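The block underneath contains the structure these notes are about, expressed in structure tokens.
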Amino acid sequence: AQSVAQPEDQVNVAEGNPLTVKCTYSVSGNPYLFWYVQYPNRGLQFLLKYITGDNLVKGSYGFEAEFNKSQTSFHLKKPSALVSDSALYFCAVRDPRRGGGYQKVTFGTGTKLQVIP
Amino acid sequence: KAGVTQTPRYLIKTRGQQVTLSCSPISGHRSVSWYQQTPGQGLQFLFEYFSETQRNKGNFPGRFSGRQFSNSRSEMNVSTLELGDSALYLCASSLAGSGFQETQYFGPGTRLLVL
């Protein structure tokens, strides 16, 4: 069974410092990986995705993520955190192979990022 | 361009009732996906529609159903509501094809409370 783990419920970082939000996954085949962000009262927003190709993926708002197949990780990073980055971040994985007609999509439990001024 | 809209934004129902939620995708988008978000279970995929056909389905009971109309608007229905159905229901649209290879744009959600 596929799974996604976000080992940190909350990450605190000072404004201007680099940030990392961790995500590891478990899936049988080659995964599709995604990061989403949820701001209070603003719904969910797509940040970036990895389908194939370069292991370093660049996304919205200066975020990037590195796909590491050997470590089965897809950590979200940003070189310099902003207070406005404070939000809930979700990692998601999709197994492109279907089983029994069901789409296998799994979200992590979310990591709350708090950027301290 | 208008974003994804969901109606109603808030809803209160009692156990045993049924509810219908609506989602209007971004103009030109043909794929609509639905998700359930709860504090305990997190974000869970419900189903995805494309060109009026259900393409993918998550592991939810048959009480949860949906449909998509020719104008790409989608509805989700939950019958015989249970307390555990209280959640934020999110809709996302994407341009075409398999929604999970493309950028998905989410609506603000419908918050359902079952009493």
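Since the model is a prediction, treat every value here as computed from it, not as a measurement. In the text below, chain A, chain B and the rest are named by the order of the sequence lines, each starting its count at 1.
Ring centroids of A:Phe107 and B:Tyr35 are separated by less than 6.0 Å, placing the two rings close together.
Nearest heavy-atom pair, B:Phe106 versus A:Leu44, reported as atom, atom and distance to 0.1 Å: CB-O, 3.0 Å.
Placement of A:Val115 and A:Tyr39 within a single hydrophobic cluster is found when ILVMFWY residues are connected by side-chain heavy-atom separations under 4.5 Å, directly or transitively. There is a path of hydrophobic side-chain contacts, each under 4.5 Å, that joins A:Leu19 to A:Tyr61. Linking Ile, Leu, Val, Met, Phe, Trp and Tyr residues whenever their side-chain heavy atoms come within less than 4.5 Å places B:Phe64 and B:Leu83 in a single cluster.
Neither the backbone nor the side chain of B:Gln6 comes within contact range of chain A; no heavy atoms are under 4.5 Å apart.
Put simply, OG1 on A:Thr109 and CD on B:Gln41 are 11.5 Å apart, with the number rounded to the nearest 0.5 Å.
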After noting the C-alpha distance and the side-chain angles of A:Gln38 and B:Leu88, does the key distance pass the side-chain contact (heavy atoms from CB on, under 4.5 Å) rule? CA-CA 13 Å; A:Gln38 188 172 33; B:Leu88 180 67; 4.0 Å; yes

Using the side-chain contact (heavy atoms from CB on, under 4.5 Å) rule, take A:Tyr36 and B:Gln104 through it: C-alpha gap first, then chi angles, then the decisive distance, then the call. CA-CA 10 Å; A:Tyr36 296 88; B:Gln104 290 188 301; 3.1 Å; yes

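Residue-environment remark: NZ (B:Lys13) exceeds the threshold of 12 foreign heavy atoms within 6.0 Å. The environment of CG in A:Asp54 is sparse: at most 12 heavy-atom neighbours from other residues, nucleotides or ligands sit within 6.0 Å.
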